[in-house]
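These notes concern the structure reproduced below.
Values reported hereafter were calculated over all heavy atoms of this structure, with side chains retained and with hydrogens, waters and symmetry mates removed. By convention here, the first residue in the shown sequence is residue 1. Since we're looking at a predicted model, the values are computed, not measured. In listed order, ligands and their atoms are each counted from 1.
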Amino acid sequence: MPKWLDNAIFYEIYPQSFRDTNADGIGDFPGILEKLDYIRDLGCNALWINPCFASPFGDAGYDVSDYYRAAPRYGTNEDLKRIFDEAHRRDIRVLLDLVPGHTALDHPWFKASMLAEKNPYTDRYIWTDNIWERPDGLDCLRGISDRDGACAVNFFSHQPALNYGCYKVEKSWQQPMDAPGPRATLEAMKDVMRFWLRLGCDGFRVDMAGCMVKNDPERRGTILLWQEVRAFLDREFPEAAIISEWGEPDKSLEGGFHMDFLLHGGPSHYDDLFRCEEPFFSGRGRGDASKFAAQYEKYMEQTGGKGLICIPSGNHDTERLAPALQGGELKLAFAFLLTMPGAPFIYYGDEIGMRYVEGLTSVEGGYHRTGARTPMQWDGSINAGFSAAAPDRLYIPLDGDPDRPNVQAQMADLGSLYHEIKRLIAVRQAHEALQSGGGIRFVFAQENRCPLAYIRTGGGESLLVILNPSLEMVSFPGAFAPSGSVYCFGGEAKFNPGLVTAPPCSAGIYRL
Ligand code: NOJ
Ligand code: CA
């Protein structure tokens with residue numbers, strides 16, 4: 001496990017919406033460079049940059065047409081290298097987004113694979129033997145090539161699935177994982193990883209990591225495949241880190257990922273906390289963190305410290321925390337995110353409570369996700385300081401709310417979410433117990449009750465975290481006699497014999 005993950009705090013950058021420096025309405029690499037000091041100052045020491053490779057942008061870059069070339073609209077490979085170098089000068093690591101599962105239709109591999117004549121790319125994708133036969137359990141493309149056959153797709157119908165083989169081979173067109181086609185695909189993807197790691201990136205967030213091998217219901221084949229990738233990294237790039245978009249840490253960490261994300265819509269009950277009708281972090285106090293805590297403990301037990309379970313504040317695929325959560329609710333949500341094990345991930349703009357914007361027309365395959373991808377709000381100037389382009393030329397329109405938050409205003413206000421997050425990050429970095437590898441034990445996580453309380457351990461210290469998002473004072477049984485607090489928001493808890501009482505909308509971290 002690379003040592004730098006111990007205290008890593010990530011910031012996710014959606015490059016097209018972060019900062020535009022040449023007034024074309026789209027964010028770019030120089031914009032990221034310009035803001036590295038901002039990210040460092042917030043306290044983050046690692047980045048995940050969404051796909052920034054050549055692409056027709058039918059799915060915001062998750063449809064790659066050249067894995068070796070930066071998308072010209074963002075800049076050049078040299079610009080990207082400059083980001084790696086400048087980030088490293090500031091002790092910031094950089095993960096790129098690897099999309100190994102599928103390409104764009106206009107990737108040269110796919111063009112060759114569509115040809116009727118056999119060639120080195122014939123088996124780079126998954127084709128059935130004839131146009132009338134669909135690949136079982138998968139969507140497919142049909143009738144677009146001289147080649148006879150239907151081609152499996154992974155996500156949108158313009159994202160043909162790369163061929164890593166099938167775990168169970170049951171049909172004549174299915175190939176085993178060790179057939180020459182699947183082997184060549186995996187070697188090609190290792191070369192892509194080598195290329196960017198040699199240029200200076202520190203690893204990858206891996207798109208749809210759990211779906212690589214097909215006809216693999218238990219994911220045994222996919223786990224084997226990633227174990228091989230991890231062995232390759234350990235050999236050639238031992239400092240590199242990989243994090244999976246998988247959402248099942250029991251499988252992904254076995255596959256050798258250093259980290260896995262808990263995902264919206266996944267089995268982790270992540271949504272119960274932030275994104276459901278009655279989220280736990282709502283001040284209404286009607287939410288339920290108990291199922292989340294039970295599942296989390298189960299994952300910790302199953303994975304036994306093998307890697308990190310990471311809880312993102314949000315990402316480019318899901319609605320933002322705000323406006324469903326607001327004010328103190330957001331602060332409490334971050335008190336949670338920044339005191340849990342695993343490396344925290346802050347989605348750009350969540351640190352100032354940027355809002356999910358309803359009703360936007362889809363941009364580049366965003367659909368309902370478009371509202372979570374609006375331009376970063378830096379200040380009160382034109383286009384919120386994102387771009388000097390005419391407002392109607394912005395990649396996605398800005399949040400039109402006249403009260404939209406911005407960085408400059410929040411920096412000037414010590415009571416802002418921005419400053420609360422900065423404080424929380426500083427506390428996390430001062431206590432090993434709160435960092436990635438520290439232990440956790442939930443002491444109060446009961447059905448439909450507040451607060452949520454847990455003990456973090458590490459570095460010879462035990463810290464009790466108590467989070468009460470509800471607007472009521474709440475109590476829970478517990479015999480604690482803390483020696484003091486290391487963080488407090490909304491008032492300190494009272495520790496009476498056998499009973500702990502937490503004030504409304506409060507978060508505290510107490511030294512045991
Ligand atoms: C997950 C990515 O996060 C999402 O944005 C993308 O559309 C799909 N994978 C397909 O690559
Ligand atoms: Ca630009």
message: Applying salt bridge (charged side-chain N to carboxylate O under 4.0 Å, His left out) as the test, list every pair that has at least one member in residues 311-324; sequence neighbours left out.
response: Asp317-Arg369, Asp317-Arg373, Arg320-Asp350
field: Protein residues that have a heavy atom under 4.0 Å from any atom of ligand 1, sorted by chain and number
entry: Asp59, Tyr62, His102, Phe155, Arg205, Asp207, Met208, Glu245, His316, Asp317, Arg369, Arg373
task: Measure from the side-chain N and O atoms of Asp379 to the backbone N and O of Gly385, and report whether any donor-acceptor pair falls under 3.5 Å.
output: yes
statement: Between Phe292 and Ser268, the two heavy atoms sitting closest are CD1-O, 3.5 Å
query: When you look at CZ of Arg90, are more than 12 heavy atoms from neighbouring residues, nucleotides or ligands closer to it than 6.0 Å?
result: yes
- prompt: Taking only protein atoms, how many N, O or S atoms are found under 3.0 Å from the Ca ion (ligand 2)?
  reply: 5
task: Determine whether more than 12 heavy atoms belonging to other residues, nucleotides or ligands lie under 6.0 Å from atom CD of Glu277.
output: no
Geometric cation-pi criterion, Arg73 with Phe57: 6.0 Å, 45°: yes
field: ring pair (Phe, Tyr, Trp, His ring centres under 6.0 Å) between Phe53 and Tyr67, intermediate numbers included
entry: CA-CA 6 Å; Phe53 311 106; Tyr67 285 103; 7.1 Å; no
- request: Count the heavy atoms belonging to other residues, nucleotides or ligands that lie under 6.0 Å from CG of Asp139, then report whether that count exceeds 12.
  value: no
message: Per the salt bridge (charged side-chain N to carboxylate O under 4.0 Å, His left out) rule, what does the pair list look like for residues 15-33, sequence neighbours excluded?
response: Arg19-Glu34
